[in-house]
Amino acid sequence: MTALAGLYAITVDGTRGDTLYSQVESALAGGACILQYRDKSGDTLRRLTEAKTLLQLCDAHQALLIINDDIELCRRSGAHGVHLGKEDRDLPGARKILGKDSIIGVSCYNDLQRARAAADQGADYVAFGAVYRSSTKPSAVNAGLALLREARTALDLPIVAIGGITPENALPVVEAGADMVAMIQGLFGQEDIYRAAENTSRLFKPF
């Protein structure tokens, strides 16, 4: 199983079908080792089909597939895990459904206490953000480098940083203690997705 470290790619909500697969293939080939499938639509059948196809792509690149928010889609697709936000099912409930081997990540925004609670409940990783101003969520709370450094000292589980991260500004985030940097537009909004993934993945090699 791929370690929870490196480039964490998050698909752009609304990108579908062959375009989605092509973009993800480029990111995985460039070195992304975790992929989160994010689709907020209610099209259950299409989402299941896409999740299963993305799982095949991830398996081919020895990467992990995480489903955003949807525990049932995670279970039905056979994905490696689920990512939970503030409004989603509680972590123990998700664990009961998905089992001990599934990866469960939790959004902690800028709240270290929420991260500690998630760790106590058995989260596999916690995510903080937005580290930088994000075009995807412009109103997101700020969770800067100082918080990442504090979290790295306080927590003994993998940390994801998200929000406005690009290949050009990711190094300080890694140096602050993030095990994973999550990118949406910073990766899939780039003209050369493969090169963006490759340049970001290189940042983790010395650490």
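Throughout, numbering of the chain's residues begins at 1 and tracks the sequence. Since the structure is predicted, the reported quantities are computational estimates derived from the model, not experimental observations.
Each of Leu84 and Ile159 belongs to its own hydrophobic cluster when Ile, Leu, Val, Met, Phe, Trp and Tyr are linked at side-chain heavy-atom distances under 4.5 angstrom. Under the 4.5 Å side-chain heavy-atom criterion for Ile, Leu, Val, Met, Phe, Trp and Tyr, Ile67 and Ile104 are members of distinct hydrophobic clusters. Transitive grouping of hydrophobic side chains (ILVMFWY, heavy atoms separated by less than 4.5 Å) keeps Leu91 and Leu112 in distinct clusters. A continuous path of ILVMFWY side-chain contacts below 4.5 Å connects Leu65 to Ile184, so both sit in one hydrophobic cluster.
At a threshold of 4.5 Å between non-hydrogen side-chain atoms, the residues Val24 and Tyr21 do not count as touching. For the pair Cys33/Gln62, no side-chain contact is recorded, criterion being any heavy-atom separation below 4.5 Å from C-beta on. Using a 4.5 Å heavy-atom threshold, the side chains of Ile97 and Arg75 count as touching. Using a 4.5 Å heavy-atom cutoff, the side chains of Ile34 and Ile103 are not in contact. When side chains are defined from C-beta on, Asp111 does not count as touching Phe128, because their heavy atoms never get closer than 4.5 Å. Taking the side chain as every heavy atom from C-beta outward, Asp124 and Leu4 approach each other to under 4.5 Å. Within the 4.5 Å cutoff, no side-chain heavy atoms of Val160 are placed close to those of Val126. Side-chain contact between Leu54 and Leu20 is present, with at least one heavy-atom pair separated by less than 4.5 Å.
Residues Ala196 and Gln190 share a closest heavy-atom pair of CB-CG, 3.7 Å. Leu73 approaches Ala51 most closely through the heavy-atom pair CD1-CB, 4.2 Å. Counting all heavy atoms, side chain and backbone alike, Ala94 lies closest to Ile71 at CB-CD1, 3.6 Å. Here the closest heavy-atom approach between residue Gly85 and residue Ser107 is recorded as CA-CB, 4.2 Å. Considering every non-hydrogen atom in both Met183 and Thr166, the closest pair reads CE-C, 3.4 Å. Pairing each heavy atom of Met180 with each of Pro158, the nearest pair is CE-CB, 3.7 Å.
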- request: Would you please test Leu64 and Leu35 for side-chain contact (heavy atoms from CB on, under 4.5 Å) and show each step?
  value: CA-CA 6 Å; Leu64 300 172; Leu35 176 75; over 6 Å; no
field: Criterion side-chain contact (heavy atoms from CB on, under 4.5 Å) on Arg152 and Leu148, from CA distance to verdict
entry: CA-CA 6 Å; Arg152 180 70 289 155; Leu148 292 179; over 6 Å; no
- request: Give the C-alpha distance, both sets of side-chain angles, the deciding distance and a yes or no for side-chain contact (heavy atoms from CB on, under 4.5 Å) between Val181 and Ile162.
  value: CA-CA 6 Å; Val181 292; Ile162 187 171; over 6 Å; no
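In this pair, Tyr125 and His83 present their aromatic rings parallel. The plane angle is below 30°, not in the 30 to 60° band.
The environment of Asp156 atom CG is sparse: at most 12 non-hydrogen atoms of other residues, nucleotides or ligands sit within 6.0 angstrom. Applying the 6.0 Å contact sphere to CZ of Arg76 captures no more than 12 heavy atoms from other residues, nucleotides or ligands.
The pair Glu198-Arg195 meets the salt-bridge criterion, since a charged nitrogen lies less than 4.0 angstrom from a carboxylate oxygen. Under the 4.0 Å criterion applied to side-chain N and carboxylate O atoms, Asp101 and Arg95 are not assigned as salt-bridge partners.
Atom CD of residue Glu50 and atom CG of residue Asp43 lie 8.0 Å apart, to the nearest 0.5 angstrom. Between Leu171 atom CG and Ile165 atom CD1 the span is 12.0 Å, to the nearest 0.5 Å. Atoms NZ and CG, from Lys100 and Leu98 in turn, are 13.0 Å apart once rounded to the nearest 0.5 Å. With rounding to the nearest 0.5 Å, the separation of CD in Gln56 from NE2 in His61 is 12.0 Å. Here OG of Ser26 is found 5.5 Å from CD1 of Ile193. Values are rounded to the nearest 0.5 Å. How far CG of Leu155 is from SG of Cys108: 8.0 Å, rounded to the nearest 0.5 Å.
No donor-acceptor pair closer than 3.5 Å links the side chain of His80 to the backbone N or O of Ile66. One N or O on the side chain of Arg47 and one on the backbone of Asp39 form a donor-acceptor pair closer than 3.5 Å. Counting only distance, with no hydrogens or angles, the side chain of Thr15 and the backbone of Thr11 share no donor-acceptor pair below 3.5 Å. Checking side-chain atoms of Asn199 against main-chain N and O of Pro167 turns up no donor-acceptor pair under 3.5 Å. The main-chain N or O of Asp18 is never found under 3.5 Å from a side-chain atom of Ser22 such that the two would form a donor-acceptor pair. Between the side chain of Asn68 and the backbone N or O of Tyr37 there is no donor-acceptor pair closer than 3.5 Å. Without hydrogens or angle criteria, Ser201 side chain to Gly31 main chain gives a donor-acceptor distance under 3.5 Å. No donor-acceptor distance shorter than 3.5 angstrom exists from the side chain of Glu25 to the backbone of Leu57, with no hydrogens or angles considered.
Shown are Leu55, Leu48, Thr49; of these, the side chain to side chain contact (heavy atoms under 4.5 Å, CB included) with Lys52 is made only by Leu48. Test Asp13, Asp69, Asp70 against Lys40 for side-chain hydrogen bond (donor to acceptor under 3.5 Å, both in side chains) and you get one pass: Asp69. Tyr109 pairs in a side chain to side chain contact (heavy atoms under 4.5 Å, CB included) with only one of the listed residues (Asn142, Leu147, Val141), which is Val141.
Side-chain atoms of Arg46 and Ser41 include a donor-acceptor pair closer than 3.5 Å.
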